[in-house]
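Since the structure comes first, as structure tokens, the remarks are kept for the end.
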Amino acid sequence: MPELPEVETVRRGIEPHVLGRRIERVVVRESRLRWPVESGLAQQLIGRRIEGTQRRGKYLQLVLDNADRLLVHLGMSGRLFVLRAGHALLKHDHVDIELDDGAMLRFNDPRRFGAVLLWRAGEPLHPLLAGMGPEPFSDTFDGEYLYALSRGRRAPVKTFIMDGGVVVGAGNIYAAESLFRAGIKPTRAAGDVSRPRYDRLAQAIREVLAAAIEQGGTTLRDYAGADGAPGYFQQTLDVYGREGLPCHACGKPIRRIVIGQRSSFYCPHCQR
DNA sequence: AGATTCGCCTGAGAGC
DNA sequence: TGCTCTCAGGCGAATC
């Protein structure tokens, strides 16, 4: 399940293959994604040169030479591969973007929770990008920010940091890992977490995401990088998916609970 | 406004 | 072998 580190890994993986390339052909086999792929997409893209790649939250962006941007969201099961044009077709290969050197970006997404959208130059900030919280590596994201925003909130701190309007990138896996590193119990009300502990949490979120990016993301079942390679951060996980296994810090068994319909893992001894 | 629930999807794995 | 059931979950929209 691609979260921020996985999307960043994909961005880094495809960038050298697409930079400066011109789009020659676009094939949309299935337009029913999270939002419909617009019918004129191919016409909008063909002939454009790709000038850069960016990421905002979990949205990957191809910046075109007319300043339009192609937004790609991998949803839960989306993959973006760099292949040679004409590569054998697999089930759920929904969109191809063929480049002028014979390479091809291929979007595959079994569950179709992903999206491929055009954000045209001159249009206001795309609605899906508006209202997003700060990037975890930006200057505006720190303990003070989390502390101020959380006052009066009774929702669990895990739910709070997973809210993309608070900060982007703390998906289920990384929220759990960050809370473990910060020693904070995930069920604690966001408004009851002290300022010093939010300092630790903000730092933990940055550390966990940075480490995951370094290791190419976390591969549990669905995720693979642009070259098809898995990530390796799952070997570093302290709590996620480790129900009943000994805590890496104290040896007591990791507990699994459900918070906001999502599996949550924590160490009842180390996290308070 | 904040919190909660719903709905969209398919594949993997368990159980029979 | 093959069917049915459950679960996974990002995130916008709707509802409480």
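Labels below follow one simple rule: chain letters A, B, ... track the order of the sequence lines, proteins then strands, and each chain is numbered from 1.
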Check your understanding: With respect to the phosphate group of dC7(C), does any side-chain polar atom (N or O) of Ser263(A) fall under 4.0 Å of OP1 or OP2?
Key -> no
Check your understanding: Does Tyr59(A) place a side-chain N or O at less than 4.0 Å from the phosphate oxygens OP1/OP2 of dG12(C)?
Key -> yes
Revision key, fill the gap. Atom CE of Met132(A) and atom C1' of dG12(C) are separated, to the nearest Å, by 13 Å
**Study point:** Whole-Å distance separating the CZ atom of Phe107(A) from the C1' atom of dC9(B)
**Key:** 12 Å
Which pairs would a plain distance check flag for residues 187-196 of chain A, meaning a side-chain donor or acceptor within less than 3.5 Å of a matching protein atom at least two apart in sequence or in another chain?
from      : atom 1 : to        : atom 2 : distance (Å)
Arg188(A) : NE     : Arg272(A) : O      : 3.4
Ser194(A) : OG     : Arg197(A) : N      : 3.4
Arg195(A) : NE     : Asp199(A) : OD1    : 3.1

Point to revise | Which residues share a ring-ring contact (aromatic ring centres under 6.0 Å, His included) with Tyr59(A), sequence neighbours left out | key: His73(A)
Check your understanding: What residue pairs, at least two apart or across chains, pass ring-ring contact (aromatic ring centres under 6.0 Å, His included) with a residue in residues 138-165 of chain A?
Key -> none
Review point. Considering only side-chain heavy atoms of Tyr240(A), which listed nucleotide, dG12(C), dA8(C), dG10(C), is closest?
Key: dA8(C)
Practice item. Would you list the pairs meeting side chain to side chain donor-acceptor pair (under 3.5 Å) in which at least one residue belongs to residues 80-93 of chain A, sequence neighbours left out? Key: Asp93(A)-Arg106(A), Asp93(A)-Asn108(A)
Exercise for review: Tell me what Asp109(A) touches on the nucleic acid: a base, only sugar-phosphate, or nothing, going by heavy atoms under 4.0 Å.
Suggested key: nothing
Check your understanding: Is the phosphate of dG10(C), meaning OP1 or OP2, less than 4.0 Å from a side-chain N or O of Arg111(A)?
Key -> no
**Study point:** Phosphate OP1/OP2 of dG10(C) contacted by Lys58(A) side-chain N/O (<4.0 Å)
**Key:** no
Check your understanding: Sequence neighbours excluded, which residues qualify as ring-ring contact (aromatic ring centres under 6.0 Å, His included) partners of Tyr198(A)?
Key -> none
**Study point:** Residue Pro110(A), side-chain atoms from C-beta onward, closest of dG10(C), dA8(C), dG11(B)
**Key:** dG11(B)
Exercise for review: Run the numbers on Glu15(A) and Arg12(A) for salt bridge (charged side-chain N to carboxylate O under 4.0 Å, His left out), then give the verdict.
Suggested key: CA-CA 5 Å; Glu15(A) 186 173 67; Arg12(A) 293 179 184 187; over 6 Å; no
Point to revise | Between P of dG10(C) and OH of Tyr174(A), the distance in whole Å | key: 11 Å
Study note, to complete from the structure: Quick tally for nucleotides 2-8 of chain B: nucleotides whose base has a protein heavy atom under 4.0 Å get B, sugar-phosphate-only ones S, the rest -, giving SS-S-BB
**Study point:** Distance, rounded to the nearest Å, where Met76(A) contributes CE and dG12(C) contributes C1'
**Key:** 15 Å
**Study point:** Nearest-nucleotide pick for Lys91(A), side chain only, options being dA8(C), dG11(B), dG12(C)
**Key:** dG11(B)
Point to revise | Axial bend angle, the helix from dG2(B)-dC16(C) to dC16(B)-dG2(C): five-pair end segments, nearest 10° | key: 50°
Review point. What residue among Val116(A), Leu70(A), Val72(A), Leu74(A) forms side-chain contact (heavy atoms from CB on, under 4.5 Å) with Leu60(A)?
Key: Val72(A)
Point to revise | Interatomic distance, Arg79(A) CZ vs dC9(B) P [rounded to whole Å] | key: 20 Å
Revision key, fill the gap. Applied to residues 33-42 of chain A, the side chain to side chain donor-acceptor pair (under 3.5 Å) test, sequence neighbours excluded, yields Glu38(A)-Arg120(A)
Review point. Counting any heavy atom closer than 4.0 Å, what does Arg151(A) reach on the DNA or RNA strands: base, sugar-phosphate only, or nothing?
Key: nothing
Solution key, residues 16-28 of chain A side-chain donor-acceptor pairs under 3.5 Å, sequence neighbours excluded:
from     : atom 1 : to        : atom 2 : distance (Å)
Arg21(A) : NE     : Asp100(A) : OD1    : 2.5
Arg22(A) : NH1    : Gly47(A)  : O      : 2.6
Arg25(A) : NH1    : Glu98(A)  : OE2    : 2.7

Exercise for review: May I ask you to verify if any side-chain N or O of His73(A) is less than 4.0 angstrom from the OP1 or OP2 atom of dG12(C)?
Suggested key: no
